[in-house]
Structures are given as structure tokens and as C-alpha cells.
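Comments concern the structure below.
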Amino acid sequence: MLTGWKDPFGHNLLGLWLADRHDRRHGETARMAARRGLIKPLGERGKVIWVLAGNTRASVHQAVELAAAIRAKRLDIRLILTFEQDFPDLLAPLDNCDKTGWGYAPSDHPRALKRALQRLDPYGFIVVNTHVRRHLSAILDKSPRVLATHPGKTNFRHETVGSDADWQTLFTPAQVDPNFKSLVNQNSERHLWWWHGPFDPQTRQSWQAHLPEDVLFISGAVPAGQHLTISQWNREPLANGDVVWVDDEKWLPAIAASVTGSHFASHDSALLWQAMAGGHAASSSSVLLPDNLKTAITTAALPFENWQNWRAQPFVTRKIGDTARRLFWQTRRQAEQDSQQIIERVFEW
């Protein structure tokens with residue numbers, strides 16, 4: 001989340017003016033109006049529940065699914081979902097939801113928040129996997145009905161519901177056939193690997209020195225040097241040492257189910273859960289991993305010596321992957337329970 005004068009949803013007047021100017025030039029009038037607090041619920045009657053998402057895909061995805069689940073349980077209330085970044089492909093579950101509106105959020109400027117509150121008159125708030133800014137936090141502190149899907153991330157008063165499990169696990173493809181490896185290798189006995197994040201020339205040299213006969217898939221940033229692009233792949237067997245940039249994330253569940261190991265040079269919680277669901281050994285450059293993941297994810301600046309060991313010790317590697325998979329499913333079951341508890345709490349409202 002941006003802060004200070006660069007924040008398009010903060011309270012700094014210069015930042016808000018610059019954001020308005022950008023939106024005006026690009027025809028984003030809806031975002032400009034919402035930033036000023038000019039939002040309203042759909043329908044004429046019923047309590048308003050305000051579901052607040054942030055600017056990440058994970059936050060918006062979770063908020064949409066939660067709003068749709070609440071609507072299925074409560075037909076009498078009006079729902080309003082706001083976000084700071086639009087992901088149109090995630091909004092389809094709301095298309096057939098009556099008395100449910102969605103759009104951009106107001107800024108954190110006191111006047112914008114006051115205007116939004118006067119228009120919405122919310123009966124309750126649900127904050128979904130996002131950090132709220134200072135003035136909104138002060139408002140939530142005074143509200144009698146506030147829920148949060150990730151209590152550990154909050155900076156405001158709220159009801160404690162659930163165990164703080166990561167809801168992203170609910171949307172992670174978890175039952176994937178690992179036939180992708182056979183498609184890539186055909187008759188070759190090679191190992192596949194997955195790297196997420198920047199991949200510079202020095203890292204490429206290290207990869208080639210350690211595992212020259214295997215195949216590497218790169219997600220995130222475009223890798224340095226010569227590489228294939230998975231969207232252009234013709235489904236023919238790949239060559240030893242090939243580096244493939246995964247420019248379409250729809251391939252990642254299949255890759256996660258087929259690789260021997262993965263490494264996260266950049267932290268991405270959604271993809272890390274995907275790796276764990278795939279049941280392979282994984283490592284991360286980040287020393288700031290959540291405590292509950294440290295038992296399943298190895299910390300390493302570069303993973304290639306680990307990868308050599310995982311390649312040579314399949315039983316040990318399988319055991320590491322099984323630990324990661326079990327933790328994924330445990331977290332997913334907890335997240336399912338947490339989501340149901342929040343829906344039931346809203347039903348009581």
C-alpha cells in the first residue's frame with residue numbers, strides 16, 4: 001500500500017489532486033467520484049453491510065467470494081463492496097446478487113469518509129485482508145459491528161471471529177493431475193523446477209552450473225537471457241537446460257504439481273500456497289515468512305545446492321513436500337471454518 005502524497009486513496013491533498021488529474025485524463029470518472037466519497041448502496045431498504053477490500057488481487061478475490069456467500073445467506077440486507085484496484089475477472093460471482101453494489105473505495109480524507117458514511121449509513125463493516133488507513137481506522141474503532149477476515153493484520157478494534165487462517169488457501173487449486181511433467185519430458189528422466197521472482201544473469205549461471213540437464217520454469221519477472229515463453233509452447237518435449245517464462249499463471253497449478261522443488265526470490269503468498277498444495281519441497285529468500293510456514297519452507301538465498309540434494313534424495317524430498325501439503329490442507333480447513341463463522345456472525349446482525 002502506498003503512503004504519503006503518492007497514495008491515491010490516502011488523505012494527502014496533493015496526492016488526491018494528482019490521482020484525480022490522472023483519472024480525469026484517462027476517463028476514470030467512477031474512481032474519481034468514489035475517491036471523493038460519492039458512493040451509494042443499491043436498493044431502497046435493508047441494513048447496509050460494507051465489505052472493504054484493498055488493492056491486491058487476493059483481497060478483492062476473498063471479498064467477492066465472501067460477499068456472494070453472505071448474500072446467499074441474507075437476502076434482506078444491502079451489500080456494498082469497495083476496492084482500490086479493479087479486477088473485473090473476479091467480479092462475476094456478484095453479477096446475479098440482488099441489492100449488492102461494488103466499486104472503488106473512498107479516500108482516507110475526512111471529508112470523503114464523512115460523505116461516504118452519510119450516503120451508506122453502514123450497519124456493519126467487514127475488512128477483508130487489507131490494512132486500513134488512519135482516519136478509517138478511527139471510524140472503525142468507534143463502530144459497534146466490525147469484523148476482519150485476517151485479525152492479525154488489523155490496526156482497529158473488531159470482533160474476534162476465527163483463527164486468522166489465510167483465506168487464500170480457499171481459492172488455491174489443490175487437486176491437480178501431475179501429467180504436465182510427462183508432457184514436458186516425454187521419455188526423458190529429468191527434474192522440473194520452479195523459480196518465482198527476478199532471475200538475473202548471475203543466477204542463471206549458477207542454475208546452469210548446478211542442474212544443466214533439468215528444466216526451469218520462471219514466474220514473475222521476465223528472466224534474463226534466452227528463454228521460451230509458455231504461452232507460445234507447442235506442447236513438444238522441452239530440451240535439457242531450457243528456461244521457460246510462465247507468462248500465463250493458469251499454468252502454475254500444473255507446474256506446482258509436477259516440479260521437484262521451487263524457490264521464491266520474491267514473496268507471493270498466493271503462489272506459495274500453490275507450491276505447498278502441489279506437495280513439493282519449497283524454499284524462500286525471505287526471512288520474514290509467517291511463523292506457521294517456517295516448518296514447511298526452507299530459507300535460502302539461492303536454492304540450487306538444496307535442489308541438488310532434493311534431486312539426489314527423493315525420499316527426503318517427498319517427506320518435505322508432504323509436510324507442506326499437510327500444512328496447506330490444515331490451513332484450508334481452518335479458513336473454511338473461519339469463513340463460516342464470519343457468515344454466521346453477519347447472519348446474527
Side-chain angles (χ1 to χ4, degrees), residues 56-58 87 89 172-173 176-286 289 297-312 314 317 320-321 324:
T56 67
R57 186 174 182 86
F87 299 94
D89 60 305
T172 303
V176 182
D177 190 338
N179 59 7
F180 179 78
K181 184 175 182 180
S182 300
L183 188 63
V184 169
N185 283 343
Q186 300 288 327
N187 298 320
S188 301
E189 292 294 330
R190 296 175 305 190
H191 291 254
L192 311 183
W193 307 91
W194 172 19
W195 173 286
H196 177 73
F199 192 72
D200 57 34
Q202 292 76 20
T203 306
R204 188 186 184 104
Q205 290 176 4
S206 184
W207 145 258
Q208 292 172 333
H210 284 85
L211 300 158
E213 297 181 354
D214 291 342
V215 175
L216 180 62
F217 295 91
I218 308 283
S219 59
V222 181
Q226 184 177 0
H227 60 271
L228 305 174
T229 302
I230 201 165
S231 63
Q232 303 299 318
W233 179 42
N234 60 7
R235 310 299 193 272
E236 293 294 323
L238 297 176
N240 291 354
D242 271 350
V243 173
V244 183
W245 178 39
V246 185
D247 62 329
D248 187 345
E249 289 194 356
K250 74 179 182 184
W251 288 93
L252 290 179
I255 291 171
S258 303
V259 298
T260 302
S262 62
H263 180 74
F264 288 79
S266 296
H267 183 70
D268 186 308
S269 60
L271 296 187
L272 194 58
W273 285 122
Q274 186 66 72
M276 294 171 67
H280 63 256
S283 61
S284 172
S285 298
S286 174
L289 283 174
I297 307 298
T298 304
T299 302
L302 285 177
F304 302 126
E305 289 186 5
N306 285 333
W307 285 8
Q308 284 182 319
N309 293 333
W310 292 345
R311 196 183 196 278
T317 305
I320 297 171

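Along the sequence shown, residues carry numbers from 1. Predicted, not measured: the structure shown is a model, and the values here were computed from it.
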Handout entry: Flag side-chain contact, heavy atom, 4.5 Å: His191 against Leu211
Key = no
Exercise for the section: Would you mind reporting whether Arg57 and Asp89 have side-chain heavy atoms less than 4.5 Å apart? Expected result: yes
Exercise for the section: Go through the steps for Val259 and Lys181 under the test side-chain contact (heavy atoms from CB on, under 4.5 Å), then give the verdict. Expected result: CA-CA 7 Å; Val259 298; Lys181 184 175 182 180; over 6 Å; no
Problem - Validation row: Asn306, Thr298 side chains within 4.5 angstrom (heavy atoms) - result: yes
Handout entry: Inter-residue atom distance Leu289.CG - Ser284.OG, 0.5 Å rounding
Key = 4.5 Å
Practice task
Indicate yes or no: at least one non-hydrogen side-chain atom of Leu238 is less than 4.5 angstrom from one of Val244.
Solution key: yes
Exercise for the section: Can you see which heavy atom on Ala277 is nearest to which on Pro173, and at what distance? Expected result: CB-O, 4.1 Å
Practice task
Assign the ring pair Phe199 / Trp195 to parallel, tilted or perpendicular, where the plane angle (0 to 90°) is split at 30° and 60°.
Solution key: perpendicular
Handout entry: Test item: Val243 and Gln226 side chains (from C-beta on) under 4.5 Å apart, heavy atoms
Key = no
Handout entry: Gln308 side-chain N/O to His210 backbone N/O, donor-acceptor pair under 3.5 Å
Key = yes
Handout entry: Donor-acceptor side-chain pairing of Ser182 and Asn179 below 3.5 angstrom
Key = no
Practice task
May I have the step-by-step check of side-chain contact (heavy atoms from CB on, under 4.5 Å) for Arg235 and Leu183, ending in yes or no?
Solution key: CA-CA 7 Å; Arg235 310 299 193 272; Leu183 188 63; 4.2 Å; yes
Exercise for the section: If the plane angle is over 60° it's perpendicular, under 30° parallel, otherwise tilted; pick one for Phe304 and Trp207. Expected result: tilted
Handout entry: Passing option when Trp233 is tested against Phe180, Trp245, Phe217 for ring pair (Phe, Tyr, Trp, His ring centres under 6.0 Å)
Key = Phe180
Problem - pair Arg190-Val184: side-chain heavy atoms closer than 4.5 Å - result: yes
Exercise for the section: Starting at NE2 of His267, measure out to CD1 of Ile297 and round the result to the nearest 0.5 Å. Expected result: 10.0 Å
Problem - Check: Ser266 side chain, Gly197 main-chain N or O, donor-acceptor pair, under 3.5 Å - result: no
Problem - Pairwise distance OG(Ser283) to CD1(Ile320) - rounded to 0.5 angstrom - result: 10.0 Å
Exercise for the section: Look only at the side chain of Gln274 and the backbone of Thr172, and say whether a donor-acceptor pair between them is shorter than 3.5 Å. Expected result: no
Practice task
Return yes when atom CD of Gln208 has more than 12 non-hydrogen atoms of other residues, nucleotides or ligands closer than 6.0 Å, and no otherwise.
Solution key: yes
Problem - From CZ (Arg204) to CG (Leu216), nearest 0.5 Å - result: 8.5 Å
Practice task
Indicate the atoms forming the closest heavy-atom contact of Val176 with Ala257, along with that distance.
Solution key: O-CB, 3.9 Å
Completion exercise
Shortest non-hydrogen pair, Ala275 vs Ala256, comes out as CA-CB, 4.3 Å
Practice task
Would you mind reporting whether Thr260 and Leu192 have side-chain heavy atoms less than 4.5 Å apart?
Solution key: no
Problem - Pair Ser262-His280, side-chain donor/acceptor within less than 3.5 Å - result: yes
Practice task
Measure the shortest side-chain to side-chain distance between Asp214 and Trp307 over non-hydrogen atoms and say whether it is less than 4.5 angstrom.
Solution key: no
Problem - NE2 on His263 to NE2 on His196, rounded to 0.5 Å - result: 10.5 Å
Handout entry: Exam field: side chain Asp242 to backbone Val215, donor-acceptor pair closer than 3.5 Å
Key = no
Exercise for the section: In sequence, state the C-alpha distance, the side-chain angles, and the governing distance for Ile230 and Asp247, and then conclude on side-chain contact (heavy atoms from CB on, under 4.5 Å). Expected result: CA-CA 6 Å; Ile230 201 165; Asp247 62 329; 3.3 Å; yes
Problem - Separation between OG of Ser286 and CG of Asp268, rounded to the nearest 0.5 Å - result: 12.0 Å
